[in-house]
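Just so we're on the same page: letters track the sequence lines, and every chain starts at 1.
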There are 2 protein chains.
Amino acid sequence: MKSPQVRSPRKPKGQGAERREEILDAALRLFSAKDVHGVSTRQIAEAAGISQPALYAYFATKDDLIAELCVRAFAKLKARMDDGRSRWTPTPEMFDRAMMTYIDFALSEPDAYRVAFMVEKGPEGAFHARTGGRPMAAGMEAFQGFVAMIADLHAAGLTRDDDPLRLTQTLWAGLHGLVSLLIARSEFPWVEREALIAGHIAMLRRGALKG
Amino acid sequence: MKSPQVRSPRKPKGQGAERREEILDAALRLFSAKDVHGVSTRQIAEAAGISQPALYAYFATKDDLIAELCVRAFAKLKARMDDGRSRWTPTPEMFDRAMMTYIDFALSEPDAYRVAFMVEKGPEGAFHARTGGRPMAAGMEAFQGFVAMIADLHAAGLTRDDDPLRLTQTLWAGLHGLVSLLIARSEFPWVEREALIAGHIAMLRRGALKG
DNA sequence: AGCGATAATCTATCACTGATAACTTATCGC
DNA sequence: GCGATAAGTTATCAGTGATAGATTATCGCT
């Protein structure tokens, strides 16, 4: 049985950007069911209500489309982290909250997180080269907020590691490991999730901070 | 310029398994240059010196071929971890060594690690369903050794977490986060690798063990 | 040595993929 | 109405994973 082939009406002259948004939304929605390689440009186009070649008026390649989602995911993460920083003070309690913010983001928007952090890129950043390094740049921006927080804790004399940048990378890796496995290997026999997350954060805090 | 189309001689009657090995070797070699989706069955076949459809005499699908590599990667990891356990005693020093064994494996065989832990599987373990759950089972076996070690440390009263299984999962996540990012995002401006790894292990130890 | 059986492999082909070329049509300012 | 052009189309390409069916080399057996 053929699909109903429902086409979205043609956009007025200046509204190409709007269609672009619709395409990105449709794509991200499809990426939750199958992985990035499993979703075809034809499926994306149909979900957006246009023909498949019409995609290429908005994105040069499928990678560019994915890169755009990647950038937006990083921006969302940065927004959440920055939001938390309004009440920020360098204390162990706020450290826990910051870790929780990252984990919450990843688990509440797993599709965005997958696209941003877990899409296999080609060798030595070929994906980033093809996409002009924009995802990488957006990722770095999100990372900077993280760096600043740990630097605060370091300045307050609360950290055990003498190199705050190294500590930041270590903590980020610790967080990423947990959420990426929870997202990608949900069928693994994990212990109860709340307790796992709480235990993980506690371990990171004890490993990173004094006391 | 066409490739030289060099074909491996036909195998004698009972030696199909040998060809199977050659295919797997060729595939893993190709997977280091491009990611799993970037390597085609035709490329694998040519590298193995046979025609593309001939692959399907040895593997029902491309996923099955990947799953076999996955199983072997887990087996390699298990072998390394088991090997380290011959000199095992529940001490902080041996804890560090065990962590290092895992990281060493991942970084010395990044292709195997990628195939085993970082290949995006479909939704809710569709990959594992399609491949009869064999990779998952192999992974669990490798994980058991890890569980046993942490249980030893727990029995010796060295751990801070009261649930050794939860702690094991937390530590595994911590290790996986670091190595998966180092492998997949090698272009990220990491601090010096040796120091990063040492710092990471130190953080995990302080977070997991008493003292 | 020659025969049947069959393992090992081939060529040809399918539906589908990302991408491009060339064409059409709706909307705009004048 | 008019030309200009943004927005979209259909038709097509080379490359993908996979299948069907024919072919060839190797084996055990007489």
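Put simply, NE2 on B:His37 is 17 Å from C1' on D:dG15, counting in whole angstrom units. One can place CD of A:Gln52 at 12 Å from C1' of D:dT10, the figure rounded to the nearest angstrom. Straight-line distance from the CD1 atom of A:Ile44 to the C1' atom of C:dA19: 13 Å, rounded to whole Å. As rounded to whole Å, 13 Å separates atom C1' of C:dA19 from atom CG of A:Asp64. Rounded to whole angstrom, the span from the CZ atom of A:Phe59 across to the P atom of C:dG18 amounts to 14 Å. Atom CG in A:Leu55 sits about 10 Å away from atom P in C:dA19, given to the nearest Å. Taking atom CD1 of residue B:Ile50 and atom C1' of nucleotide D:dT23, one finds them 17 Å apart after rounding to whole Å. If you measure from atom CD of A:Glu22 to atom C1' of D:dA7, you get 13 Å, rounded to the nearest angstrom.
C:dC30: Watson-Crick or G-U partner is D:dG1, with both key distances under 3.5 Å.
Within 6.0 Å of CZ on B:Arg205 lie more than 12 heavy atoms contributed by other residues, nucleotides or ligands.
No side-chain donor-acceptor contact under 3.5 Å links A:His200 to the backbone of A:Ala195.
Within 3.5 Å, a donor on the side chain of B:Arg42 pairs with an acceptor on the base of D:dG17, or the reverse.
Under 3.5 Å, the side chains of A:Arg114 and A:Ser180 contain no donor-acceptor pair of N or O atoms.
Base contact: A:Ala54 has a heavy atom under 4.0 Å from a base atom. Note on A:Ser51: a base of the nucleic acid sits closer than 4.0 angstrom, heavy atoms only.
Where A:Ala60 and A:Gln43 each meet DNA chain C at their nearest nucleotide, the meeting point lying more 5' is that of A:Gln43.
For B:Arg19, no side-chain nitrogen or oxygen approaches OP1 or OP2 of C:dA7 to under 4.0 Å. In terms of phosphate contacts, A:Ser40 brings a side-chain nitrogen or oxygen within less than 4.0 Å of OP1 or OP2 of C:dT17. Contact check, A:Tyr58 against D:dG8: a side-chain N or O comes under 4.0 Å of OP1 or OP2.
In this structure, A:Glu46 does not pair ionically with A:Arg42, as no charged nitrogen and carboxylate oxygen lie closer than 4.0 Å. Ion pairing between B:Glu192 and A:Arg166 fails under the 4.0 Å rule for side-chain N and carboxylate O.
The side chain of B:Pro53 sits closest to D:dA20 out of D:dA20, C:dG18, D:dT9.
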